[in-house]
Amino acid sequence: MEFPDITFAARTEPLVLYWPAPGVPSAQLEFASLDEWRRFVEGMALDPLIPSVVRLKFQRALKLHYLAWIDGDLIKAGELVALTALELALNDRYGGQVAGRPKKKLKSGQAPSLTDKPPQRSFAALLKHMVDGDGLTDADIPMIARCGGTAVGQLTGTTKPTLADRRNGLAHGDPFDGLPTSGLIELVRDLIDFAYRDYTKEGRALGIVSHDTLPSVSG
């Protein structure tokens, strides 16, 4: 993926993050060079067969993480963008299976109009559906399978804060959420990949290597 062509000033000390590592759900990682940090961030890119509308939004989150080499606070901005990419992906994959709230309040007995905006589905309901409706387990999440720990409770609501809670806190200015959340963008990557697993499998069976190579459709 492409990152901004910026010349970074040399750091006087390594970038340090608490992040999952093989066999260790929360390890201290150090990045002594920009190239090392770039490889780490690039390693969290989405499957190229995932629709570009989702993949490009997620890439914005990765760019913000990359720019955190300048200022670590940018990771928090990247986390919010990553969670919005996840919500977009889940609406795409599960929107027809999760009940939503009509954006326009209907009178008793009134049927929705074809011109009405589609129902609004809560992020929390979409996350819960991944587990209850699509069968997601911790074993299906590569980061968890590799490093240990658990994540499904952050989707179902049994672990607080949930991913929906984190998204709301980031979006609405939680005054107590200042440090990066260990492994969050990597977890989001794994969840998006899971949601599109059948889609990407079908694409590879057809010999497609990237969503960008699909022919455009004009009316």
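- Residue Tyr18 qualifies as open at atom OH: its count of foreign heavy atoms under 6.0 Å is 12 or below.
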* To do: Could you please spell out the steps behind the side-chain contact (heavy atoms from CB on, under 4.5 Å) verdict for Thr162 and Arg166?
  => CA-CA 6 Å; Thr162 65; Arg166 292 190 185 280; over 6 Å; no
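- Put simply, the side chain of Gln97 never gets that close to the backbone of Gly133: no donor and acceptor are under 3.5 Å apart.
- Of all non-hydrogen atoms in Pro180 and Leu17, the two that sit nearest each other are CG-CD2, 4.3 Å.
- The minimum heavy-atom distance linking Val54 with Ala85 is given by the pair CG1-O, 4.1 Å.
- A donor-acceptor pair under 3.5 Å is formed between the side chain of Asp138 and the backbone N or O of Ala151.
- Summarising the geometry, atom CG belonging to Leu86 is positioned 4.5 Å from atom CG belonging to Leu90; distances are rounded to the nearest 0.5 Å.
- Cluster membership check: Ile70 shares its hydrophobic cluster with Leu62, using side-chain heavy-atom separations under 4.5 Å among Ile, Leu, Val, Met, Phe, Trp and Tyr.
- Here Leu155 contributes atom CG and His129 contributes atom NE2; the two are 12.0 Å apart, rounded to the nearest 0.5 Å.
- Other residues, nucleotides and ligands place more than 12 heavy atoms under 6.0 Å from the CD atom of Glu36.
- Judged by a 6.0 Å distance limit and a 45° cone about the ring axis, Arg38 is positioned over the six-membered ring of Tyr66.
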* To do: Given side-chain contact (heavy atoms from CB on, under 4.5 Å), test Val16 with Leu29 step by step and report yes or no.
  => CA-CA 6 Å; Val16 179; Leu29 305 185; over 6 Å; no
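- The two residues Ala61 and Val81 have their closest heavy-atom pair at N-CG1, 3.7 Å.
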* To do: Start with the C-alpha gap between Leu67 and Phe8, add the side-chain angles, then the distance that decides, and say whether side-chain contact (heavy atoms from CB on, under 4.5 Å) holds.
  => CA-CA 9 Å; Leu67 292 172; Phe8 294 92; 4.0 Å; yes
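- Across every non-hydrogen atom of Gly183 and Met143, the tightest pair is O-SD, 3.6 Å.
- Taking CG of Leu127 as the start and OG1 of Thr156 as the end, the distance is 9.5 Å to the nearest 0.5 Å.
- The pair Arg93-Asp198 does not count as a salt bridge, with every side-chain nitrogen at least 4.0 angstrom from each carboxylate oxygen.
- We find the CG-CG distance between Leu191 and Leu126 to be 12.5 Å, quoted to the nearest 0.5 Å.
- Counting only heavy atoms from C-beta outward, the side chains of Leu187 and Thr181 never approach each other to under 4.5 Å.
- Inspection of the Tyr196 and Asp47 side chains reveals no N or O donor paired with an N or O acceptor under 3.5 Å.
- Proximity of Arg204 to Leu49: side-chain heavy atoms (C-beta onward) are separated by under 4.5 Å at one or more points.
- Ring-centre distance between Trp19 and Phe40: below the 6.0 Å cut-off.
- When all heavy atoms of Ala27 and Val24 are compared, the closest pair comes out as CB-CG1, 3.8 Å.
- Here the closest heavy-atom approach between residue Ser26 and residue Ser182 is recorded as OG-OG, 4.3 Å.
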* Test side-chain contact (heavy atoms from CB on, under 4.5 Å) on Ile75 and Glu79 and set out the steps. => CA-CA 6 Å; Ile75 289 179; Glu79 289 176 352; 3.8 Å; yes
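- In terms of modelled atom types and a separation under 3.5 Å, the side chain of Lys76 and the main chain of Leu179 share a donor-acceptor contact.
- Here the CZ atom belonging to Arg55 is positioned 11.5 Å from the CD1 atom belonging to Ile192, to the nearest 0.5 angstrom.
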* **Worked check of salt bridge (Lys or Arg N to Asp or Glu O under 4.0 Å) between Arg197 and Asp134** => CA-CA 11 Å; Arg197 68 196 184 284; Asp134 203 15; 2.9 Å; yes
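- Glu87 has a carboxylate O that lies under 4.0 Å from a charged side-chain N of Arg167, or vice versa, which qualifies the two as a salt bridge.
- Distance check: Asp132 CG to Met130 CE gives 11.5 Å after rounding to the nearest 0.5 Å.
- Following chains of ILVMFWY side-chain contacts shorter than 4.5 Å, one can reach Leu80 starting from Val53, so the two form part of one hydrophobic cluster.
- Under a 4.0 Å N-O distance rule, the pair Arg146/Glu186 qualifies as a salt bridge.
- Under the side-chain contact (heavy atoms from CB on, under 4.5 Å) rule, Asp193 has a single partner from Val188, Asp140, Leu46, which is Leu46.
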